Amino acid sequence: VQLQASGGGLVQAGGSLRLSCAASGRPSSRGFMAWFRQAPGKEREFVAATSWSGGKTSYGEPVKGRFTISRDNAKNTAYLQMNTLKPEDTAVYYCASEITGRLITSTMRKPSAYDSWGQGTLVTVSS
């Protein structure tokens, strides 16, 4: 499967952005989709994940209450709505997907749980 992330850009602190991740090249699966981010000099960090139905979601602590993950299965697209952005949110954001649909909370936070990755989209938050 190919994942295409988009929507990144430059925004002032306190602003909002919405990232999109469009999936193609594989028959529709009922797997999880997730967002991770990586800032310069830091390890890849879990941001958010959602099950196929949206009934199971998880968020990293730094983004809880500010970011919302969602998906439109008819469009094979996941979204990340980011509000009240902070300079420390500056990073390359990557979307990821997997096919099992059976991840537990601890597993969905791990990059190794996902078998497809997008190319990343840069989010820069100025102070």
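Below, each value reflects all heavy atoms present in this structure, side chains not excepted, and no hydrogens, waters or symmetry copies. What you see is a predicted model; the values in this text were computed from it and never measured. This chain uses plain numbering: 1 for the first residue, then up along the sequence.
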- Same hydrophobic cluster for V11 and L122, using side-chain heavy-atom links shorter than 4.5 Å among ILVMFWY? no
Quick one: side chains of residues 111-118, donor-acceptor pairs under 3.5 Å with protein atoms, not counting sequence neighbours, listed by atom name and distance.
unit_1, atom_1, unit_2, atom_2, d
Y114, OH, M108, O, 2.7

- Can the ring centres of F46 and F36 be said to be less than 6.0 Å apart? yes
- Note on the structure: Tightest non-hydrogen contact, residues F32 and R102, listed as CE1-N, 4.0 Å
- How close do A13 and S127 get, heavy atom to heavy atom, and via which atoms? CB-CA, 4.4 Å
Below 3.5 Å, can you tabulate the donor-acceptor pairs from side chains in residues 57-67 to any protein atom, sequence neighbours excluded?
unit_1, atom_1, unit_2, atom_2, d
S58, OG, R109, NE, 3.3
S58, OG, R109, NH2, 3.2
Y59, OH, I69, N, 2.9
E61, OE2, K64, NZ, 2.8
R66, NH1, T84, O, 2.9
R66, NH1, D89, OD2, 2.7
R66, NH2, P62, O, 2.8
R66, NH2, D89, OD1, 3.0
R66, NH2, D89, OD2, 3.4

- Task: Calculate, to the nearest 0.5 Å, the distance between atoms CH2 and OH belonging to W35 and Y93 respectively.
- Result: 10.0 Å
- Note on the structure: The side-chain hydrogen bond (donor to acceptor under 3.5 Å, both in side chains) partners of E45 (sequence neighbours excluded) come to R37
- Query: Transitively linked via ILVMFWY side-chain contacts under 4.5 Å: V47 with L19?
  - Reply: yes
- Query: V123, Y79: one ILVMFWY side-chain cluster at the under-4.5 Å cut-off?
  - Reply: no
- Do side-chain atoms of T77 reach the backbone of K75 as a donor and acceptor pair under 3.5 angstrom? yes
- Which pairs, with at least one residue in residues 68-127 and sequence neighbours excluded, count as a disulfide bond (SG atoms under 2.5 Å apart)? C21-C95
- How close do L103 and K56 get, heavy atom to heavy atom, and via which atoms? O-NZ, 3.5 Å
Under 3.5 Å, side-chain donor or acceptor atoms of residues 2-10 against the rest of the protein: list the pairs with distances, not counting sequence neighbours.
none

- Can S16 and N83 be counted as having a side-chain donor-acceptor contact under 3.5 angstrom? yes
- Query: Going by heavy atoms in the side chains, are R71 and W52 under 4.5 Å from each other?
  - Reply: yes
- Message: Please report the interatomic distance OG(S53) to CZ(R30), rounded to the nearest 0.5 Å.
- Response: 9.0 Å
- When rounded to the nearest 0.5 Å, the distance separating OG1 of T107 from CD of E98 is 10.0 Å
- Does any pair with a residue in residues 2-26 pass ring-ring contact (aromatic ring centres under 6.0 Å, His included), and if so which ones, sequence neighbours excluded? none
- Query: What residue among S70, S97, S51 forms side-chain contact (heavy atoms from CB on, under 4.5 Å) with M33?
  - Reply: S97
